[in-house]
Amino acid sequence: AQTVTQSQPEMSVQEAETVTLSCTYDTSESNYYLFWYKQPPSRQMILVIRQEAYKQQNATENRFSVNFQKAAKSFSLKISDSQLGDTAMYFCAFMKPLNTGTASKLTFGTGTRLQVTL
Amino acid sequence: DTEVTQTPKHLVMGMTNKKSLKCEQHMGHRAMYWYKQKAKKPPELMFVYSYEKLSINESVPSRFSPECPNSSLLNLHLHALQPEDSALYLCASSRRSLAGGPTGELFFGEGSRLTVL
């Protein structure tokens with residue numbers, strides 16, 4: 001079974017600064033996907049960034065980028081130029097493609113609560 | 001329309017009540033999910049429907065009964081719940097990739113917050 005570990009329950013960063021959230025995972029699979037999801041207070045969870053394990057290049061989405069170290073099974077999220085709207089719970093997630101075709105089964109980490117302050 | 005709509009947003013029920021949670025999406029997604037989320041915890045998968053057929057049941061107690069009447073709707077019927085079932089219930093949907101497999105991108109609703117007295 002896959003496990004996803006987020007060792008930082010809470011983090012704080014000042015507006016405009018950079019912060020890195022850590023995530024490690026354990027799997028024997030060679031083909032898989034990794035994600036960071038964001039859940040703002042009282043709002044729905046949304047996908048922040050996605051990484052395919054077979055791609056060596058780190059994924060980037062505007063101010064969000066990842067550092068994917070496959071051998072170390074590490075997948076950290078860097079948020080640059082932090083904004084107040086980045087305040088949220090961030091979940092790292094692992095997915096192994098299912099045989100059901102279209103469906104995805106995600107294994108979530110325990111989450112990191114990020115507070116962006118003025 | 002990129003929304004997953006869940007109703008009701010809040011529900012309080014007694015242990016002998018029967019109620020239902022409803023989820024709707026019009027994005028053409030053929031996979032739909034129910035998750036349970038306790039405070040400050042990650043979502044826990046309950047059920048997965050793929051092409052309106054139940055494909056995953058994560059050993060959920062029978063007091064939770066899912067139903068997918070069509071490709072846009074997903075219901076969760078609740079009966080004889082326990083206080084420990086109080087939680088945020090999240091619905092999600094996902095689409096296929098161009099290659100036909102899953103993308104891993106789930107579109108979540110805002111959730112239905114359930115309190116069982």
Side-chain angles (χ1 to χ4, degrees), chain A residues 1-6 8-10 21 23 25 29 31-55 59 61 66 75 88-115, chain B residues 2-6 9-10 23 25 27-58 68 71 74 88-113:
Chain A
Q2 290 77 31
T3 58
V4 178
T5 302
Q6 294 179 249
Q8 305 151 314
E10 293 186 2
L21 309 184
C23 173
Y25 58 95
E29 302 289 334
N31 182 29
Y32 53 87
Y33 303 83
L34 295 164
F35 309 87
W36 280 97
Y37 275 85
K38 167 185 176 182
Q39 188 175 33
S42 302
R43 296 186 62 186
Q44 64 258 62
M45 189 177 298
I46 58 171
L47 177 67
V48 175
I49 201 164
R50 176 177 185 261
Q51 175 82 43
E52 290 96 336
Y54 65 87
K55 289 187 178 179
E61 287 288 342
V66 299
F75 183 61
M89 181 73 93
Y90 287 81
F91 291 102
C92 179
F94 172 101
M95 184 188 82
K96 180 183 72 171
L98 292 173
N99 292 330
T100 56
T102 189
S104 308
K105 182 175 179 180
L106 298 179
T107 300
F108 287 94
T110 50
T112 296
R113 185 171 301 277
L114 177 67
Q115 181 71 46
Chain B
T2 58
E3 283 191 348
V4 175
T5 304
Q6 290 188 243
K9 291 195 181 335
H10 299 275
C23 174
Q25 57 89 14
M27 295 179 280
H29 293 172
R30 303 305 295 275
M32 296 187 76
Y33 311 74
W34 280 114
Y35 281 86
K36 173 183 178 180
Q37 187 178 27
K38 290 279 205 178
K40 298 185 180 182
K41 298 289 186 183
E44 298 173 24
L45 183 63
M46 300 175 72
F47 304 103
V48 180
Y49 274 83
S50 180
Y51 293 95
E52 295 86 69
K53 293 192 186 318
L54 184 64
S55 63
I56 295 177
N57 176 342
E58 292 286 74
C68 189
S71 60
L74 185 66
L88 183 67
Y89 287 85
L90 297 170
C91 175
S93 68
S94 67
R95 59 179 173 82
R96 290 186 310 167
S97 69
L98 291 175
T103 65
E105 180 175 8
L106 270 58
F107 292 77
F108 285 88
E110 292 189 8
S112 293
R113 188 163 298 283

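Naming convention: chains lettered A, B, ... in sequence-line order (proteins, then strands); numbering from 1 in each chain.
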Short side-chain donor-acceptor distance under 3.5 Å, A:Q44 and B:E3:
no
Determine the minimum heavy-atom distance between A:G109 and B:P42, stating which atoms define it.
O-CB, 3.1 Å
With the threshold set at 4.0 Å, does a side-chain nitrogen-carboxylate oxygen contact exist between B:K40 and A:E10?
no
Approximate separation, where rounding is to 0.5 Å, of B:S94 OG and A:K105 NZ:
14.0 Å
Roughly how far apart are A:R50 CZ and B:E105 CD, rounded to 0.5 Å?
8.0 Å
Before you tell me yes or no, could you show the steps for A:L106 and B:Y33 under side chain to side chain contact (heavy atoms under 4.5 Å, CB included), namely the whole-Å CA-CA distance, both residues' side-chain angles and the distance that decides it to 0.1 Å?
CA-CA 11 Å; A:L106 298 179; B:Y33 311 74; over 6 Å; no
Approximate separation, where rounding is to 0.5 Å, of B:L106 CG and A:L47 CG
9.0 Å
Could you grab the distance from atom CD of B:Q37 to atom CZ of A:F91, nearest 0.5 Å is fine?
5.0 Å
A:M45 versus B:P43, closest heavy-atom pair with distance:
CE-CG, 3.6 Å
Is A:Q6 close to chain B through its backbone or its side chain, or both, or neither, when contacts mean heavy atoms under 4.5 Å?
neither
Side chain, backbone, both or neither: which part of B:E58 has an atom under 4.5 Å from a heavy atom of chain A?
side chain
Does any backbone or side-chain atom of A:I46 lie under 4.5 Å from a heavy atom of chain B? Answer side chain, backbone, both or neither.
neither
